[in-house]
Amino acid sequence: MGQKEEPSGAEQIYVLSLDDDGNPRGARFTVLRDSIVSAAMDMNCRILIRQPADVSALARKLPLGYVLGTGKTVRLLIPRIGYDLYRQILEAARTARNHEETRIAAVISTTVH
């Protein structure tokens, strides 16, 4: 059998954080699981799920993260990344969120009479 292709950006989880020394860390996980999101939240990470194409294009540069353990309780290994990539992903996500909020506000203002 052939190798599976990588899931689209909408199916991946991107996790970003700063460690205790202020060094950026980031990883991508190719399977959306509650245990991964829960572990990332416990680590006070920023979690990006179902991101637009421009954010996903940057975030796909993140290394794959590792999940330790099975079941509901897992630990995540999130590698160090460069500060520039960390900053670019957060900025792209912030811009995408602002555009989405503007779009939603415009739709609401045109539908409310």
Side-chain angles (χ1 to χ4, degrees):
M1 290 198 139
Q3 185 176 358
K4 285 185 172 180
E5 67 181 55
E6 188 167 307
S8 70
E11 298 170 2
Q12 294 194 38
I13 304 170
Y14 307 111
V15 177
L16 298 166
S17 70
L18 294 174
D19 65 16
D20 293 336
D21 297 324
N23 297 313
R25 292 185 174 270
R28 61 188 166 89
F29 297 89
T30 59
V31 177
L32 179 56
R33 290 209 171 109
D34 290 341
S35 58
I36 294 173
V37 174
S38 179
M41 289 172 63
D42 290 345
M43 296 171 64
N44 295 321
C45 294
R46 292 179 189 240
I47 305 161
L48 305 174
I49 303 172
R50 290 178 175 61
Q51 294 298 302
D54 54 340
V55 177
S56 292
L58 281 170
R60 274 191 231 116
K61 295 178 182 179
L62 290 170
L64 283 173
Y66 295 96
V67 179
L68 301 175
T70 59
K72 292 184 179 181
T73 306
V74 299
R75 287 188 48 221
L76 303 179
L77 288 179
I78 302 172
R80 283 187 181 173
I81 59 171
Y83 180 75
D84 286 340
L85 180 59
Y86 176 81
R87 183 188 52 75
Q88 289 171 353
I89 293 170
L90 288 180
E91 183 63 32
R94 188 176 309 118
T95 301
R97 184 181 66 238
N98 289 342
H99 286 172
E100 183 66 11
E101 288 172 357
T102 302
R103 189 186 68 76
I104 290 170
V107 168
I108 290 172
S109 68
T110 59
T111 58
V112 175
H113 299 281

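These numbers come from the heavy atoms of this one structure, side chains and all, not from hydrogens, waters or symmetry mates. Residue numbers count from 1 along this sequence.
Contact detail for Ile78 and Met43: the closest heavy-atom pair is CD1-CE, 3.7 Å. Between Phe29 and Tyr66, the shortest heavy-atom distance links the atoms CE2-N, 3.7 Å.
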* Could you walk me through whether Val37 and Ile49 pass the side-chain contact (heavy atoms from CB on, under 4.5 Å) check? -> CA-CA 9 Å; Val37 174; Ile49 303 172; 4.0 Å; yes

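Looking at Ile89 and Tyr14, their side chains never come closer than 4.5 Å, going by heavy atoms from C-beta outward. Proximity of Thr30 to Arg28: side-chain heavy atoms (C-beta onward) are separated by under 4.5 Å at one or more points.
In this structure, CG on Leu62 lies 9.5 Å from CD on Gln12, to the nearest 0.5 angstrom. A distance of 10.5 Å separates CG of Asp34 from CE of Met41, quoted to the nearest 0.5 Å. Here the straight-line distance linking atom CZ of Arg46 with atom CG of Leu16 works out to 8.0 Å at 0.5 Å rounding. One distance of note links CG of Leu64 with CG of Leu77; it measures 12.5 Å at 0.5 Å rounding. Rounded to the nearest 0.5 Å, atoms CG (Leu32) and CD1 (Ile13) are 4.5 Å apart.
Asp21 contributes no side-chain N or O that, together with a main-chain N or O of Asn23, makes up a donor-acceptor pair within less than 3.5 Å.
Shown here are the salt bridge (charged side-chain N to carboxylate O under 4.0 Å, His left out) partners of Arg94, two or more places apart in sequence or in another chain: Glu91. Contacts of Ala40 classified as side chain to side chain contact (heavy atoms under 4.5 Å, CB included), with partners at least two apart in sequence or in another chain: Val15, Cys45, Ile47, Leu76.
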Let me check something: any side-chain donor-acceptor pairs from residues 79-86 under 3.5 Å, sequence neighbours excluded? List them with distances.
none

